[in-house]
J.: 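Below you'll find the structure I mean.
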Amino acid sequence: MKKLFLAAIAAVAMGTSAYADTIKVGVIGPFSGPFALQGKNFKAGIDAYMAVNGNTVGSDTVEIVYRDVPQADPAQSKALAQELIVKEKVQYLAGFYFTPDAMAVTPILKQGNVPMVIMNAATSAIVTKSPLVVRTSFTTWQTSTPIAKVAFDAGVKKVISVVSDYGPGIDAENAFKAGFEKAGGQVVEAIRMPLATNDFSPIMQRIKDSGAEGVFAFLPSGPTTLGFVKAYNDNGLKAAGIKFFAPGDLTQESDLPALGDAALGIQTTFHYAVSHDSPENKAFVEAATKAIGNRAELSFPSVSAYDGMHVIYKMIEATGGKQDAEKAVDAVKGLAWTSPRGPVSIDPESRHITQNIYLREVVKADDGTYINKEVQTFEKQGDPGLAAVK
Ligand code: PHB
């Protein structure tokens, strides 16, 4: 008994507690409104990770505190992050579906002594805004660079690009243009649409009028991407032979049932397909399906959330549960593991995830469901966008 007491005193003196602490992780994302399914996927990935790995790290218990930012809203995101740090005393911030919501929070990380683990926001520059940012999702530079080569190799020489007019859209436009022109193709016109655009008919007309043989598109996954791909079909672009190229945001699995046969054959490049064939993904899909309640709702934010939790657990382990943002982030620089998506690592310099990018094609599986079938792998892709923002 005396020994135990002395050990407890020593542990307190060393700054660790022999008694269990609760470590709070604040997660900001869209949990209501039109993008609620994306937030639901964050939660499914987090729940799946904690179901498989338990809710304790060492003697500490991990507790998730969710905050809802339904649509890109930097002011609301910042206010909620502040509340999470000051009132809830979270040791970690995570989530962040939209780039502006992540960008708004980077300036308060240092003062709050809180690392940020980005589970979606995909603009390259975010990681340069604070040394306390780690990202387990992707960037649109990373996912849009390979599709440019695919488009050129498919015999398409003239493309029109259409993107949402904000960070990840502008990055996607630049990435596609750089890759396509390097291959020998030409981007004949580049359209940037307001983020809130939901009537795509006028855009479809401009695509037709441009004389391009193909269209490259990026919009943030959600109701807008579904609307865009529908408009591409309904306005006769597919029938006219105008080819469609995009990163996988445009064909997320949860949108495929609503697109139906119209989506068949669409090729996209992305870091994750729910159908990825590996034992790690099989286990993940099982746990995430249990968490979300319906396999048809599973989509890519779930895997970045799952891997984000892996990173946070490693950070808690490395700091012994003590709040030390810098030490936590240092501990995961170079961390490598097998994700449900394939082999990944955290680049020690950029703190962004290095991963395979897959070319996928929408097909009907044997069970009648629509899937993104992986047909080619671009191995170990870093973020080409970082060179552009340096
Ligand atoms: C972003 O805002 O960074 C974002 C959102 C949804 C996506 C991709 C990027 O599908």
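Quick note: numbers below take in every heavy atom, side chains included, and nothing from hydrogens, waters or symmetry partners. Start at 1 and go down the list; that is how both ligands and their atoms are numbered.
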J.: Looking at Glu83 and Lys87, does any basic side-chain N land under 4.0 Å from a carboxylate oxygen?
T.: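 Salt bridge: no.
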J.: Under 4.0 Å between a Lys/Arg side-chain N and an Asp/Glu carboxylate O for Lys333 and Asp330?
T.: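 Asp330 and Lys333: salt-bridged.
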J.: Within a distance under 4.0 Å of any heavy atom of Tyr166, pick out the atoms of ligand 1 and give their elements.
T.: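 Counting from 1, the qualifying ligand atoms are 1 (C), 2 (O), 4 (C), 5 (C).
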J.: Which ligand 1 atoms does Phe218 reach within 4.0 Å, using its non-hydrogen atoms?
T.: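 That gives atoms 8 (C), 9 (C) of ligand 1.
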J.: Of all the atoms in ligand 1, which lie at a distance below 4.0 Å from a heavy atom belonging to Ala122?
T.: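 Under 4.0 Å from Ala122, ligand 1 has these atoms: 1 (C), 3 (O), 9 (C).
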J.: Scan side-chain atoms only and decide if Thr61 and Asn55 contain a donor-acceptor pair under the 3.5 Å cut-off.
T.: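 No, no side-chain donor-acceptor contact under 3.5 Å.
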J.: Suppose I only count heavy atoms of Thr99 and a 4.0 Å limit; which atoms of ligand 1 are within that range?
T.: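 Counting from 1, the qualifying ligand atoms are 1 (C), 2 (O), 3 (O).
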J.: Is the Tyr358 to Phe270 ring centre distance short of 6.0 Å?
T.: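 Centroid distance Tyr358-Phe270: not below 6.0 Å, so no.
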J.: List ligand 1 atoms under 4.0 Å from Phe98, heavy atoms only on the residue side.
T.: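 It comes down to these atoms of ligand 1: 1 (C), 2 (O).
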J.: Would you say His271 and Gln142 are linked by a side-chain donor-acceptor pair, where the criterion is simply a distance under 3.5 Å?
T.: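 Looking only at side-chain atoms, His271 and Gln142 do not form any donor-acceptor pair under 3.5 Å.
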J.: Which atoms from ligand 1 have a heavy atom of Phe300 less than 4.0 Å away?
T.: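 This gives 10 (O) as the contact atoms.
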J.: State yes or no: are the ring centers of Tyr49 and Phe284 separated by less than 6.0 Å?
T.: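 So the answer is no for these two rings.
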J.: Would you mind telling me if ligand 1 is within reach of the side chain of Pro220, the backbone, both or neither, using heavy atoms under 4.0 Å?
T.: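 The answer is both, backbone and side chain.
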J.: Starting from atom 10 (O) of ligand 1, find the nearest protein heavy-atom neighbour and note its residue, name and distance.
T.: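 Of every protein heavy atom, Asp249 OD2, 2.6 Å lies nearest to atom 10 (O) of ligand 1.
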J.: State yes or no: are the ring centers of Phe176 and Phe245 separated by less than 6.0 Å?
T.: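 So the answer is no for these two rings.
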J.: Please classify the Asn120 to ligand 1 contact at 4.0 Å (heavy-atom distances, strictly less than): side chain, backbone, both or neither.
T.: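 Only the side chain of Asn120 comes within reach of ligand 1.
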